[in-house]
There are 2 protein chains.
Amino acid sequence: MNEKQLPWNIYDDRYPTRDVLARLADKWALLVLGRLENGPMRFNHLRRDIRGISQKVLTQTLRKLERDGLISRQIFATVPVTVEYNLTSLGRTLTDTVTVLAHWVERNMDAVQAAQAAYDAANTA
Amino acid sequence: MNEKQLPWNIYDDRYPTRDVLARLADKWALLVLGRLENGPMRFNHLRRDIRGISQKVLTQTLRKLERDGLISRQIFATVPVTVEYNLTSLGRTLTDTVTVLAHWVERNMDAVQAAQAAYDAANTA
DNA sequence: CGGCATCCCGAGGGATACTG
DNA sequence: CAGTATCCCTCGGGATGCCG
């Protein structure tokens with residue numbers, strides 16, 4: 001059984017699946033999804049937790065995820081206004097994978113650094 | 001138990017884990033890893049299978065993955081030269097996750113498109 | 001608080017030509 | 001076959017200022 005025969009093969013750039021993959025294969029999108037795993041969060045809370053993300057990029061990322069149906073946006077008419085982001089049921093089907101990926105990086109950081117050192121040593125004058 | 005307390009938290013941009021995540025959170029890197037799951041492949045074979053990738057980007061992607069210790073590069077002194085790329089044992093610990101992600105996109109494409117249509121309809125004049 | 005609008009720069013990546 | 005080397009241009013994303 002080969003993926004090449006599936007209806008919307010991500011290896012074929014003529015299908016929209018490629019675009020969806022591209023939007024998910026983005027560090028900011030993955031970080032946002034992972035951060036929402038434990039429940040809804042407000043905009044500035046996300047902004048603080050995901051260190052290094054700018055306001056503009058966080059907004060863009062949230063809009064994309066919302067458009068793809070992975071997260072929902074709920075506005076509370078408080079003063080000042082409060083906005084909560086939450087995973088949709090569709091988004092929730094993805095977070096396990098995202099979490100695995102995140103943990104993989106943290107758990108294998110040593111091995112990656114060792115590989116980098118070896119590679120750099122071998123490819124240096 | 002919160003990820004924030006792990007040694008190399010990906011949510012903290014002061015750790016190198018953020019960079020590793022960024023390199024993995026790349027559509028080309030994920031497609032290459034997924035494609036190598038079934039065994040070693042040659043350069044031009046990858047190039048053909050991963051539609052839309054340019055020669056330059058494929059080379060860059062392969063180099064990064066090799067440097068991070070996820071794939072290996074083996075040269076055969078044939079004429080013309082043959083080069084095979086293969087997953088390392090470290091890389092193999094990632095492919096399951098990558099495959100899950102790829103299949104998620106293919107399986108949930110309908111839901112994503114429906115969400116997009118609904119979003120666009122709601123946010124149109 | 002949770003954005004939107006602009007300006008602007010540097011990196012990512014396409015196209016093309018050449019090589020061991 | 002499997003690259004390297006340039007040129008070039010788009011656009012992701014940072015910085016800043018303003019608003020409901």
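The chains referred to below are lettered A, B, ... by the order of the sequence lines, with proteins before strands, and numbering in each begins at 1.
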[X] has an atom [atom1]; how far is it from atom [atom2] of [N], in whole Å?
X: Q60(B); N: dA2(D); atom1: CD; atom2: P; answer: 18 Å
X: N44(B); N: dT4(D); atom1: CG; atom2: C1'; answer: 15 Å
X: D26(A); N: dC11(D); atom1: CG; atom2: C1'; answer: 14 Å
X: L62(A); N: dG13(D); atom1: CG; atom2: C1'; answer: 15 Å
X: R63(B); N: dA2(D); atom1: CZ; atom2: P; answer: 11 Å
X: L58(B); N: dC1(D); atom1: CG; atom2: C1'; answer: 13 Å
X: I75(B); N: dT4(D); atom1: CD1; atom2: P; answer: 10 Å

Item to complete: Check every nucleotide of DNA chain C for an atom under 4.0 Å from a heavy-atom of chain B, then give the first and the last such nucleotide from 5' to 3'.
Response: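 Here the contact window of chain B covers dG13(C) to dG20(C).
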
Is it true that a side-chain atom of E106(B) and a backbone atom of I10(A) form a donor plus acceptor pair closer than 3.5 Å?
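Side chain of E106(B) to backbone of I10(A): a pair is present.
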
Distance-only, no hydrogens or angles: does the T97(A) side chain make a donor-acceptor pair with backbone N or O of V100(B) under 3.5 Å?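 No; zero donor-acceptor contacts below 3.5 Å.
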
| task | Assign Y85(B) to base, sugar-phosphate, or nothing according to its heavy-atom contacts below 4.0 angstrom with the strands shown. | result |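 Since only primed, P, OP1 and OP2 atoms lie under 4.0 Å of Y85(B), the category is sugar-phosphate.
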
Could I get the full list of salt bridge (Lys or Arg N to Asp or Glu O under 4.0 Å) partners for [X], not counting sequence neighbours?
X: R51(B); answer: D12(A), D13(A)
X: R67(A); answer: D120(B)
X: R47(A); answer: none

* If a pair satisfies side-chain hydrogen bond (donor to acceptor under 3.5 Å, both in side chains) and one of its residues is in residues 74-83 of chain A, list it, with sequence neighbours excluded. =>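 Of all non-adjacent pairs touching residues 74-83 of chain A, those that pass side-chain hydrogen bond (donor to acceptor under 3.5 Å, both in side chains) are T78(A)-T82(A).
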
Pairwise N/O distances under 3.5 Å, protein to nucleotides 14-20 of chain D:
residue: dG14(D); atom: OP2; partner: S54(A); partner atom: OG; Å: 2.8
residue: dG14(D); atom: O6; partner: K56(A); partner atom: NZ; Å: 2.4

Taking only residues two or more places apart in sequence or in another chain, which ones pass side chain to side chain contact (heavy atoms under 4.5 Å, CB included) with [X]?
X: S89(B); answer: none
X: K64(B); answer: R23(B)
X: R73(B); answer: R63(B), E66(B), I75(B), V83(B), Y85(B)
X: A22(A); answer: K27(B)

Solution key, residues 108-118 of chain B side-chain donor-acceptor pairs under 3.5 Å, sequence neighbours excluded:
residue: N108(B); atom: OD1; partner: W104(B); partner atom: NE1; Å: 3.2
residue: Q116(B); atom: NE2; partner: D68(A); partner atom: OD1; Å: 2.8

(Q) Tell me the bend of the helix from dC1(C)-dG20(D) to dG20(C)-dC1(D) as the angle between end helix axes, each from five pairs, rounded to the nearest 10 degrees. (A)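 Helix axis angle between the two ends: 60°.
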
Any side-chain N or O of R42(B) below 4.0 angstrom from OP1/OP2 of dA2(D)?
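Affirmative; the distance criterion is met.
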
